[in-house]
Amino acid sequence: MAAAVGRRCLRLLSGVPSWRSSFCHCGNTSLSHYLQSLWKLPLRAFNTDTRKVHTATARTLFRLRPLPILLATGSGYVGYRQYEKYRERELEKLGLEIPPKLAGNWEVALYKSVPTRLLSRAWGRLNQVELPHWLRRPVYSLYIWTFGVNMKEAAVEDLHHYRNLSEFFRRKLKPQARPVSGLHSVISPSDGKILNFGQVKNCEVEQVKGVTYSLESFLGPRTYMEDLPFPPASSCDSFRNQLVTREGNELYHCVIYLAPGDYHCFHSPTDWTVSHRRHFPGSLMSVNPGMARWIKELFCHNERVVLTGDWKHGFFSLTAVGATNVGSIRIYFDRDLHTNSPRYSKGSYNDFSFVTHTNKEGVPMRKGEHLGEFNLGSTIVLIFEAPKDFNFRLKAGQKIRFGEALGSL
């Protein structure tokens, strides 16, 4: 019976005249226009007997919103990092040693892609803008409260005296605020926090415990053009042997981190002669202890100024490392130095010798003498040659002030 009904329907359809066919075509066209208008309708709601139902078109459902996705993924990553730091602190309280978790190549590349050099130059311009007299006290007071600055040590305590942020960052101290130790051969060149210290082994230097960087990458290759008072070693010797010039000596290092609230000037750590300056244009990543534990060879990536020379025990060097918003590194006796400049490209370095035909020795520096300054705070790295009985009087993580002892024989 079903087959008979089907055949009858086919006969009826075959007998439909052409005008009916054209009518159906027009109906289909109208239907398509109607469906397209429904597609463009916004989200609507309708009521049923049981609940309120919200409907949306497929185009609305599949629309991507990049900003919420970026905020969600970024917040998730930051939360994960904070959890990792919390877990590390808890394990350290239990006395367990935690191996450092280093950043991957893609994480370092992503961080270096941030225009920190441009941002630091903009920050430098902002620091030089003169503040209105009525605005100086609120702005500086906020900074003092945030970073714990002790203005009682400043040579000028009146906040209205500082015309802009740059002058406030570079404020001088009272002469009696930092007495220089005369009993020890090497003193701290600045206020800060001791990140690491000790002997240099296998041409690797620790920026923090467990995270190292190459000594040669940090100081750069030794060349015959440096005009140092001692001849470079032969090419077959290791880089360390090129620095250690006296038999029985060892190579030592010390890393001091200057926080934003610290005194931003740095001084000569001993009596020595500066004969050469090497400037490495580079990135300006943050150098706080957390970053130093996360990024291997962080100090080799960043812009830095290496001062080398000699003291009574042989080779001596002081390196000022730049950081985010600290693109400005100033050496008082070096007027040719221009850091964070667009004319210098990353991955290169430029040399300058203080030894000339009229000055065969270089620039003599006395212990405690003003040497240079940062814009906001960064890192000082000392690498020097000394006899084997040289002893540091430090603890990792301790706070130190300019003029206090680092070590002696």
Side-chain angles (χ1 to χ4, degrees), residues 144 146-155 169-200 205-211 218 251-272 286-293 298-299 302 304-305 307 311 313 316-323 326 329 365-384 386 390-409:
I144 291 169
T146 304
F147 297 105
V149 179
N150 184 6
M151 285 301 296
K152 293 183 179 180
E153 299 176 335
F169 293 151
R170 293 177 168 90
R171 65 192 177 276
K172 305 301 180 183
L173 297 181
K174 295 175 181 176
Q176 66 275 17
R178 296 290 186 274
V180 177
S181 174
L183 301 177
H184 300 88
S185 54
V186 183
I187 63 170
S188 175
S190 64
D191 292 2
K193 179 180 180 180
I194 301 296
L195 294 188
N196 216 308
F197 63 92
Q199 281 191 21
V200 176
V205 186
E206 282 193 322
Q207 58 189 25
V208 293
K209 187 176 182 180
V211 182
F218 182 70
L251 205 60
Y252 298 87
H253 75 99
C254 182
V255 183
I256 305 171
Y257 167 68
L258 287 73
D262 289 328
Y263 170 55
H264 293 340
C265 297
F266 51 92
H267 301 247
S268 176
T270 190
D271 296 329
W272 64 308
S286 173
V287 293
N288 67 61
M291 282 295 176
R293 277 191 291 267
L298 172 62
F299 299 156
N302 272 16
R304 59 197 182 277
V305 177
L307 300 177
W311 69 319
H313 298 296
F316 198 96
S317 72
L318 181 148
T319 302
V321 183
V326 195
I329 302 173
M365 297 296 299
R366 300 188 310 274
K367 182 168 61 175
E369 186 178 355
H370 274 83
L371 183 59
E373 61 188 27
F374 288 112
N375 184 45
L376 189 61
S378 188
T379 303
I380 296 288
V381 179
L382 302 179
I383 299 175
F384 56 92
F390 181 87
N391 293 314
F392 284 103
R393 301 175 181 269
L394 304 172
K395 293 181 180 179
Q398 80 172 68
K399 292 287 291 184
I400 197 166
R401 302 202 303 177
F402 155 61
E404 295 180 347
L406 289 182
S408 61
L409 299 176

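Numbering starts at 1 and runs along the sequence shown. Basis for what follows: all heavy atoms, side chains included, without hydrogens, waters or symmetry-related copies.
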Euclidean distance, K193 NZ relative to I256 CD1, rounded to 0.5 Å: 13.5 Å
Of W311, F316, F390, the residue whose pairing with Y252 passes ring-ring contact (aromatic ring centres under 6.0 Å, His included): F390
Within-4.5 Å side-chain heavy-atom neighbours: V205 and F299: no
Interatomic distance, L371 atom CG to L307 atom CG [nearest 0.5 angstrom]: 6.0 Å
Where I329 and A320 come nearest, the two heavy atoms and their spacing: CD1-O, 3.5 Å
Check: I383 main-chain N/O paired with S317 side-chain donor or acceptor under 3.5 Å: yes
Nearest heavy atoms of L394 and L406, plus distance in Å: CG-O, 3.7 Å
Close side-chain approach of V186 to S408, heavy-atom, < 4.5 Å: no
Nearest heavy-atom neighbours spanning G322 and V287: O-CG1, 3.8 Å
From CZ (R170) to OH (Y263), nearest 0.5 Å: 12.0 Å
Gap between atom CG of L258 and atom CZ of F402 - 0.5 Å precision: 12.0 Å
S185 backbone acceptor or donor facing T270 side chain under 3.5 Å: yes
Heavy-atom closest contact (F392 atom, C254 atom, distance): CE2-CB, 4.1 Å
Shortest non-hydrogen separation from S286 to L298 and the atoms involved: O-CD2, 3.4 Å
Min side-chain heavy-atom separation R171-M151 under 4.5 Å: yes
Between CZ on residue R304 and CD1 on residue I380, distance to nearest 0.5 Å: 13.5 Å
Side-chain (N302) to main-chain (V321) donor-acceptor, under 3.5 angstrom: no
Polar side-chain atom of K172 near backbone of C265 as donor-acceptor pair, under 3.5 Å: no
Ring center gap for H264 and F374 short of 6.0 angstrom: no
CA sep, side-chain torsions, deciding dist, call: R178, E404, salt bridge (Lys or Arg N to Asp or Glu O under 4.0 Å): CA-CA 8 Å; R178 296 290 186 274; E404 295 180 347; over 6 Å; no
Nearest-0.5 Å distance, CG of residue D262 to OG of residue S190: 7.5 Å
Heavy-atom side-chain contact between E369 and H267 under 4.5 Å: no
Sub-4.5 Å side-chain heavy-atom contact between S268 and R366: no
Where K367 and I187 come nearest, the two heavy atoms and their spacing: CG-CD1, 3.6 Å
Validation row: I144, T146 side chains within 4.5 angstrom (heavy atoms): no
E153 side chain reached by R401 side chain, heavy atoms, under 4.5 Å: yes
Chi angles and distances behind the side chain to side chain contact (heavy atoms under 4.5 Å, CB included) call for H253, N196: CA-CA 8 Å; H253 75 99; N196 216 308; 4.1 Å; yes
Under 3.5 Å donor-acceptor, H313 side chain and A386 backbone: no
